[in-house]
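Here the structure is laid out as structure tokens; the discussion comes afterwards.
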There are 2 protein chains.
Amino acid sequence: MANISDVAALAGVSTATVSRALNGKATVDPELSARVLAAAEELGYRPNGPARNLRKQETAVLALIISDVENPFFTAIARGVEDVAHAAGYSLVLCNSDDEQAKEREYVDVALQERVAGVLLSPTGNADTAELLERHTTPVVAVDRPLPNGRSDTVLLNNRPAAKEAALHLAERGYRRIGCLPGPSGVLTADERLAGYRDGLRAAKLPSSTSLVRRSRFKAEGARDSARSLLTQEPPPDAVLVANNVMAVGVLETLAELGLRPGRDVGVLAFDDAPWTTLLDPPLTVVSQPAYDMGAMAAQLLLDRLASPGGAPTTQTLSADLVVRGSTTR
Amino acid sequence: MANISDVAALAGVSTATVSRALNGKATVDPELSARVLAAAEELGYRPNGPARNLRKQETAVLALIISDVENPFFTAIARGVEDVAHAAGYSLVLCNSDDEQAKEREYVDVALQERVAGVLLSPTGNADTAELLERHTTPVVAVDRPLPNGRSDTVLLNNRPAAKEAALHLAERGYRRIGCLPGPSGVLTADERLAGYRDGLRAAKLPSSTSLVRRSRFKAEGARDSARSLLTQEPPPDAVLVANNVMAVGVLETLAELGLRPGRDVGVLAFDDAPWTTLLDPPLTVVSQPAYDMGAMAAQLLLDRLASPGGAPTTQTLSADLVVRGSTTR
DNA sequence: TTGTAAGCGTTATCAC
DNA sequence: GTGATAACGCTTACAA
């Protein structure tokens with residue numbers, strides 16, 4: 001592949017001039033500049049990224065490490081990040097940690113090695129990763145969940161109030177034994193949604209019981225098992241609050257298997273407003289998270305941090321909206 | 001950030017020895033090696049990627065450029081690619097072209113500049129991109145759609161027979177005016193699905209008419225408009241074949257707005273088996289594409305090409321499965 | 001087995 | 001306004 005010397009030779013100038021011309025520096029003769037551009041075009045010259053990054057000690061690449069590429073919530077975040085990053089001249093690379101601490105660790109390692117300008121991360125809760133990032137100077141923004149040590153810019157959702165509102169809504173609709181599938185223990189979003197759910201039950205003066213809660217991974221598979229175990233006990237719950245849209249798929253499948261109709265037999269309320277939620281019969285009542293905005297805001301925070309490295313980390317908390325549909329109507 | 005000289009100084013050896021120790025070369029004294037490892041650990045040393053890539057003239061990174069991160073079909077491909085790449089020691093970076101030729105062009109440019117080891121691409125049909133890639137030596141594999149010039153390894157689906165089978169299924173179920181939303185004109189997958197649909201109508205001796213076809217982007221929005229225009233004409237179609245799962249969302253929304261029930265009023269059959277298709281009432285009949293396998297196969301093809309650069313490009317074609325559910329039962 | 005030093009392709013500093 | 005040249009941090013002959 002052609003390098004800067006090839007271009008210089010063809011244009012009959014020095015490599016310094018090629019570099020200046022190609023980077024649009026003011027101080028270069030228009031005629032030479034034209035010759036350089038023509039030569040570069042002819043050779044299909046593309047500057048060597050690694051060499052440039054090495055010399056400049058910086059890259060125009062951001063890394064976004066999310067826990068599930070197949071979850072629309074995270075892909076919406078990715079779009080938000082990408083639009084803002086792109087507008088500022090940064091490329092975005094996406095990495096999928098699968099909610100596994102080892103994979104997350106590995107991708108953070110790669111990002112640090114490649115000296116990306118900054119990292120956006122929805123942390124699995126791996127303390128190693130947090131420590132790793134803290135020891136290095138690469139700016140980090142946590143999205144959706146905070147880093148264990150909490151010493152970074154962070155964009156969160158007000159999970160606890162949102163879950164409380166959701167539980168209260170179920171209570172108002174006349175459901176009396178409300179179950180909850182909050183997601184995995186130890187993940188803050190899950191723990192907060194569980195706490196909010198309990199807040200709601202308390203406020204509605206409904207009995208709270210551990211037998212109404214099942215922890216599982218944020219996956220359809222785990223939710224299927226949890227839902228089956230929850231709904232086949234005696235007495236069964238008459239409603240269920242589900243922590244995300246992927247789990248909601250598993251829950252709804254289980255309801256269908258058990259011959260239970262959402263709303264009439266069992267109230268169903270899930271976090272995340274996926275595109276298919278309105279297609280169901282009855283349509284799904286959801287807690288809609290501003291995923292795109294969370295991504296955009298996180299990217300902006302990172303760009304700000306790159307522009308002015310000093311200063312204390314900030315935490316932005318966005319609000320979710322309860323969108324009432326048919327699955328919470330008896 | 002600590003560099004190799006810092007480690008060398010702390011361990012009391014030369015940079016060469018540090019490099020050899022850290023890269024597990026055999027010829028290094030165990031005691032020195034231990035000292036190096038300890039020093040590297042203490043300093044939180046992480047080799048500078050750009051410097052290493054520059055020196056070695058190679059990277060262990062693959063780029064996957066897909067046209068829609070929010071489409072489960074493409075994220076499933078991404079998982080297939082990632083698993084295979086990861087097992088072979090490569091990192092995967094994901095880029096989202098949004099089905100826009102300019103963005104695709106830009107990401108290919110970035111990939112070439114960064115000297116990634118190889119590129120996987122579901123092309124938008126941009127001839128520029130194809131030419132760009134051809135002029136450089138970076139290996140490329142096309143997934144789901146071929147490159148315009150067709151001179152690369154390629155993994156495809158047998159779209160035309162699959163669409164024909166789908167159309168025939170609708171005919172067998174007694175639908176007589178079968179419409180089609182094949183996706184954008186000029187995109188091969190869309191054009192092939194349209195051709196297969198016409199094959200099916202011909203085989204079933206049903207009338208084919210351009211008034212039964214609406215072209216649009218592979219998006220819910222476009223499909224909504226197309227479906228409305230298709231279904232409100234006189235006489236309306238009694239079934240519709242939809243080219244992907246994202247469009248299917250738009251079509252199903254439109255049916256609901258028009259008060260039409262899938263299956264009974266209008267037969268609905270869509271490409272892609274998204275997780276939510278079984279939750280609908282009636283559940284959606286689909287053409288299930290082996291997306292994960294397509295990704296895994298494409299990654300393998302790329303790895304093979306990296307291992308042995310010579311040889312003619314191959315094209316692998318996978319088969320889709322018709323999964324019959326309720327939306328094609330009257 | 002270890003160290004010295006060249007070189008990967010850029011950009012930036014310095015003379016001219 | 002342009003050209004030589006040093007430097008970025010690493011790996012790898014080659015020498016010791």
Side-chain angles (χ1 to χ4, degrees), chain A residues 1-37 39-40 43-61 109-117 136-138, chain B residues 1-37 39-40 43-61 109-117 136-138:
Chain A
M1 207 176 295
N3 66 22
I4 199 170
S5 309
D6 300 328
V7 178
L10 183 59
V13 298
S14 73
T15 60
T17 299
V18 173
S19 176
R20 284 189 283 252
L22 259 31
N23 290 295
K25 302 281 185 219
T27 65
V28 57
D29 186 281
E31 196 215 328
L32 285 194
S33 184
R35 269 183 14 222
V36 167
L37 257 47
L43 294 171
Y45 170 68
R46 222 148 292 272
N48 183 305
R52 163 183 266 173
N53 297 337
L54 174 58
R55 171 64 227 223
K56 300 188 74 171
Q57 297 289 74
E58 67 179 44
T59 44
V61 177
D109 241 6
V110 171
L112 291 177
Q113 282 204 22
E114 296 300 326
R115 304 295 195 263
V116 297
H136 292 79
T137 48
T138 309
Chain B
M1 209 176 293
N3 66 22
I4 199 171
S5 308
D6 300 330
V7 178
L10 183 59
V13 298
S14 73
T15 60
T17 300
V18 173
S19 175
R20 285 189 281 253
L22 259 30
N23 289 296
K25 302 280 185 221
T27 65
V28 58
D29 186 280
E31 197 215 329
L32 286 194
S33 185
R35 258 164 46 203
V36 167
L37 258 46
L43 294 172
Y45 171 68
R46 222 147 291 271
N48 183 305
R52 162 183 265 168
N53 297 337
L54 174 58
R55 171 63 225 229
K56 300 189 74 171
Q57 298 288 78
E58 66 181 42
T59 48
V61 176
D109 241 6
V110 171
L112 291 177
Q113 282 204 21
E114 297 301 325
R115 304 295 195 265
V116 298
H136 292 80
T137 47
T138 309

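Labels below follow one simple rule: chain letters A, B, ... track the order of the sequence lines, proteins then strands, and each chain is numbered from 1.
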**Complete:** If each end axis of the helix from C:dT1-D:dA16 to C:dC16-D:dG1 is fitted on five C1' pair positions, the angle between them, to 10 degrees, is 40°
**Item:** Shortest non-hydrogen separation from A:Thr138 to A:Ala117 and the atoms involved
**Value:** CG2-O, 4.2 Å
**Item:** Minimum-distance pair of heavy atoms, taken over all atoms of B:Val7 and B:Ala40
**Value:** CG1-N, 3.9 Å
**Request:** Take nucleotides 7-16 of chain D nucleotide by nucleotide from the 5' end and write B, S or -, depending on whether a protein heavy atom sits under 4.0 Å from the base, only from the sugar-phosphate, or from neither.
**Result:** BBBBBBB---
side-chain contact (heavy atoms from CB on, under 4.5 Å) against [X], all qualifying residues, sequence neighbours excluded:
X        : value
B:Arg115 : A:Met1, A:Arg46, A:Asn48, A:Pro50
B:Lys56  : B:Arg52, B:Glu58
B:Ile4   : B:Thr15, B:Val18, B:Ser19, B:Tyr45
B:Val110 : A:Ser91, B:Glu114

**Request:** Report yes if some heavy atom in the side chain of A:Leu22 is under 4.5 Å from a heavy atom in the side chain of A:Leu37; otherwise report no.
**Result:** yes
**Request:** Working to the nearest 0.5 Å, report the span between CG of B:Asn53 and CD of A:Gln113.
**Result:** 9.0 Å
**Request:** Walking along DNA chain C from 5' to 3', note the first and the last nucleotide with an atom under 4.0 Å from a heavy atom of chain B, and give both.
**Result:** C:dT1 to C:dG9
**Message:** I'd like to check the side-chain hydrogen bond (donor to acceptor under 3.5 Å, both in side chains) partners of A:Ser14; sequence neighbours left out, ordered by chain and number.
**Reply:** A:Thr17
**Asked** If you look only at pairs with a residue in residues 2-30 of chain B, which of them pass as a salt bridge (Lys or Arg N to Asp or Glu O under 4.0 Å), with sequence neighbours excluded?
**Response** none
